[in-house]
Amino acid sequence: MNSASSFESSNSSQDSSQESATLGTIPYSTINTMNLRALLFDPSTMNREEPFLKVIEEPVEKFRFRYKSEMMGTHGSILARSHERNRRKTYPSVQLCNYDRPAIVRCSLYTAHPHEKQRTPHTHRLIVRAENNMDKDDPHEVIVSQDNNYIAVFHGMGIIHTAKKNIVEELIKKKRSRLLEKLRVKNVKLTSLNTVQESKLRQDAEDESRKMNLNSVSLCFEAFYRDANNCLQQICDPVFSKPINNMKSALTGELKICRIDKHVSTCMGGEEVFILVEKVGKKNIKIKFFEVNEDDQEIWCDYGKFSELDVHHQYAIVFRTPPYRDLDIEKPVDVFLQLYRPTDGDCSEPIKFQYKPSEKMGRTRKRPRVSNENLHSSENINFLNVTNGTTNGMMEIGSDVKNGNDNLLGEHTSLSELLNEENGLDSSEFREFMNNLSISEYMSTFDHDLAFDGEKSPLPKDAVTEIRIKEENDPPEVKEEILGDYELLQKALKQINMVLQEKLSSDVTAKKIENIFNMRNTEGETALHAGVMCGEKDAMKLMLQVLEKGGQKHLINTQNFRNETPLHLAVLHKQPQFVQMLLAKGADPNFTNSDGNTAIHLTIKCCHNECLTELLDKNNYVHNEHKPKCNEKNYEGQTPLHVAAVKRNLFAVKSLVKSGANVNEADSTLGRHVLMVAVEQSDKDIVEYLVKETNVDVNLENYAGDTSLHYACVVNGGNAEICQLLIDAKADPMKANHEQRSRAMELPLAKPLEVTVKEEIESEDEFQLHIDDDDEDDEDDEDDEEENGLSKGCTSMDLAKDNQEILNILKQADQYMASTLQNESLDEVQIKDECPSPSEHSTVVDNGLFDEQTLTKLCSVLDASNSWTNLADLLDYTFLVPSIRAAISPSKLLFNYADLHGNVTVQHIRNFLEALDEKEAVEAIDLMLARQVANTGGDQ
DNA sequence: GAGTCCTTCCC
DNA sequence: CGGGAAGGACT
């Protein structure tokens with residue numbers, strides 16, 4: 001394509017008559033635009049063309065630029081791209097076409113600017129190693145002729161990375177020799193440049209050096225012949241190779257995920273994932289999740305959720321997974337995850353990631369969930385059958401029930417009797433409870449269902465697989481230990497019944513009961529867990545009573561292998577009545593499961609507000625020595641409030657706050673408090689509730705020094721509504737985080753090659769602006785720094801600088817703060833020694849420039865006359881003008897800016913206004929100064 | 001003064 | 001060759 005473009009450009013300057021001449025015998029009129037291109041590339045027409053250069057072998061895309069100091073020894077040379085495909089070494093080559101005499105083809109190093117017209121010699125050196133171990137600089141020349149088919153091959157070239165300090169000198173050297181050569185064509189004797197030319201050269205070199213991309217170069221090929229004066233005459237336009245990029249540069253560097261802390265997420269998304277990455281720019285990186293079909297076509301994609309505040313330096317990103325496209329998947333789905341750089345579209349190698357079905361919280365297996373309504377559904381009874389595994393088991397239960405003598409719990413009367421024995425389980429309360437308990441009814445239902453449905457009914461799939469897996473995996477001798485939920489429950493009830501029948505002494509009974517509640521299934525669960533799982537309300541009542549009366553209340557908190565207590569399971573299965581029942585019998589709500597979650601955490605994770613209400617209801621704790629703790633952190637470091645905010649559950653947030661949860665508690669992973677989490681979730685309602693109805697501290701910062709406002713400015717591109725809420729709650733937009741400001745990080749990492757000239761210029765301006773900002777910061781002296789901690793880091797204002805809407809909101813706070821600052825510390829007006837103003841009474845900006853009266857006056861005058869724009873110019877705040885123009889009072893914003901950001905004195909402003917001939921304004925300031933002198937004098 | 005970037009050095 | 005890192009320079 002290079003040859004094509006140069007070819008076309010060489011033609012494009014010619015008018016049509018020449019063009020038809022160029023095309024030889026073909027009459028111009030017969031050539032339409034469609035076949036013009038084809039004609040030009042037709043070999044038969046080509047040899048009638050003007051000479052041109054054609055790149056035959058492009059150089060490799062990436063090559064290591066070495067510093068001079070690295071150049072001892074050999075380091076390989078620039079090969080051609082084709083070398084990557086075939087094994088033989090090939091080198092960048094060009095062919096001179098349409099030329100029939102020997103010629104010189106030259107290769108030198110140029111910038112890789114996207115527009116060829118703007119390419120200039122590059123400051124790096126293109127060298128070829130010579131015999132004496134000396135390096136010869138470009139240009140490199142090769143003679144072409146018929147002998148080599150007019151092909152120039154450039155081998156053995158390397159690129160020396162010119163050190164920063166030498167860039168300008170190196171450029172001047174190159175430009176000088178080129179200019180001399182050019183001038184010699186007209187004036188053979190010329191040996192040096194005049195002063196004007198030299199200084200122009202230096203100026204150009206300095207300009208170019210500033211914007212030169214040091215990590216991308218291009219080879220420039222030119223063709224010459226020697227004229228009678230031995231001067232080089234150009235044969236045709238130069239052509240350029242495709243860019244060669246510096247392999248070692250961090251800026252064009254490879255995107256890479258080095259490590260990830262988890263590679264599975266539920267399909268609901270929202271899970272926090274940490275990745276370590278090779279250097280990225282926080283403003284120029286995305287995390288892409290995508291799925292491909294069998295044909296490797298992308299069928300779904302979404303992006304990890306994070307803000308620039310979640311990019312740790314340039315090497316780690318903490319993000320939340322996006323939800324998968326289908327939230328009801330039954331099986332895990334494999335997807336991929338990769339880094340994506342928007343500016344150049346570059347991607348890292350994808351790594352595997354898996355979405356798993358959204359599970360019943362805390363459960364890895366699916367179990368049939370039983371609610372009271374379908375308590376005795378045939379499905380569940382069938383499950384029981386299967387659990388028993390054998391007909392034998394079925395028979396056992398069936399016979400138990402039919403045979404009234406050695407029964408489970410037998411019938412009502414015998415049960416009542418049993419309970420009346422002097423076993424320590426006797427009490428009127430318990431008797432009453434048992435009288436209300438229809439065990440026989442409960443059992444007969446069992447009987448009925450068993451007899452009725454028997455083994456005929458289809459079994460629930462999950463139950464079957466679950467059991468089979470167990471049986472296959474477990475050795476036969478422990479088979480009898482494998483108990484399903486129902487089986488376990490049955491066994492426990494049976495044994496309880498037996499114990500109660502046996503009329504033993506109370507301590508033996510206690511021992512036996514303890515044994516019963518130490519029976520575990522394969523999940524490490526007791527009959528209590530099983531009772532919850534099965535939704536057996538009556539059985540639960542019985543068991544809890546037995547435990548209580550037997551004095552083994554602690555067993556109510558027995559944990560399964562995931563450290564879940566029956567209470568955990570009650571909330572996981574969204575059974576508020578069990579929660580209440582368990583709490584009433586003394587269950588401890590503060591046990592944590594293996595993820596460190598209390599029942600409160602879990603119920604919020606499950607979004608079950610009824611259970612939460614029960615957990616937090618004081619009435620449930622009347623006889624319970626354990627009170628719920630609302631500020632406990634799980635192993636993710638979250639308090640229940642954090643979870644509630646993540647789940648965007650306003651009800652839970654409110655309930656927790658009312659129950660004494662601390663709204664200012666930080667999580668232990670990032671130091672986020674609830675407000676910040678709510679902001680991260682863009683949950684306006686929770687934010688509003690927190691700022692308006694709780695004692696939340698809006699200016700709390702996380703470990704990184706970010707406040708909620710920082711987040712509000714950047715999450716999802718910034719949320720104006722939430723910013724407004726925070727600002728109204730007195731959030732401080734000038735509070736800086738702990739980030740170090742580094743210019744390099746603010747520059748786009750890699751510029752797309754397609755970038756237009758205009759864009760380049762614009763970004764240059766932006767760069768300039770940053771420098772200005774920084775300079776201001778540098779001049780904002782240490783006093784400022786110590787007083788406000790403002791000097792370093794990034795403020796919300798900084799983060800919002802690309803979002804006009806939010807910027808305007810933050811500016812309101814500026815106004816507010818300016819006025820409070822003033823009211824609070826008007827009498828502490830500082831006088832600065834180093835202040836350049838001759839006036840002793842120049843006030844320092846951070847105490848407010850003007851009193852209210854004066855400010856109002858100034859604003860009305862300057863807004864009316866529009867002189868505020870001129871003042872902005874004089875104060876060097878020209879860049880502010882467009883953003884504050886639309887404000888009700890631009891002057892006020894200007895003064896606020898000057899007050900908080902600049903080191904402008906009242907005297908400066910006064911003098912500028914005088915220069916602008918704003919007499920009324922000057923007068924107002926003078927009046928104010930006079931008042932201040934009077935006040936100060938009075939005080940002393 | 002720490003965090004980055006640049007350059008040199010080394011294997 | 002290509003990767004890594006030390007150490008100085010630069011914000």
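Naming: A, B, ... by sequence-line order, numbering from 1 per chain.
Taking atom CG of residue A/Asn166 and atom P of nucleotide B/dC6, one finds them 15 Å apart after rounding to whole Å. Distance NZ (A/Lys68) to C1' (B/dT8): 13 Å, rounded to an integer number of Å. Across the protein-nucleic acid pair, A/Asn213 atom CG and B/dC6 atom P stand 12 Å apart, rounded to whole Å. Between the NZ atom of A/Lys164 and the P atom of B/dT4 there is a distance of 16 Å, rounded to whole Å. Atom OH of A/Tyr67 and atom P of C/dA9 are 14 Å apart (whole Å). Between the P atom of B/dC5 and the CG atom of A/Asn246 lies a distance of 15 Å, rounded to the nearest Å. Here the P atom of nucleotide B/dC6 and the NZ atom of A/Lys165 are 14 Å apart, to the nearest Å. The distance from atom CD1 of A/Ile160 to atom P of B/dC6 is 19 Å, rounded to the nearest whole Å.
Distance alone, capped at 3.5 Å, places no donor-acceptor pair between the A/Lys262 side chain and the A/Phe274 backbone.
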Next on the checklist: Counting primed atoms plus P, OP1 and OP2 as sugar-phosphate and everything else as base, spell out the protein contacts along nucleotides 2-7 of chain C at 4.0 Å heavy-atom distance: B, S or - for each nucleotide, 5' to 3'.
Outcome noted: BBBB--
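Under a 4.0 Å N-O distance rule, the pair A/Glu272/A/Arg320 qualifies as a salt bridge. With respect to A/Arg672 and A/Glu680, a salt bridge is recorded, a charged nitrogen being found less than 4.0 Å from a carboxylate O. Using a 4.0 Å cut-off between a side-chain N of Lys or Arg and a carboxylate O of Asp or Glu, A/Glu701 and A/Lys735 qualify as a salt bridge.
There is a side-chain donor-acceptor pair under 3.5 Å between A/Ser216 and A/Asn245.
The CG atom of A/Leu675 sits 4.5 Å away from the NE2 atom of A/His673 when rounded to the nearest 0.5 Å.
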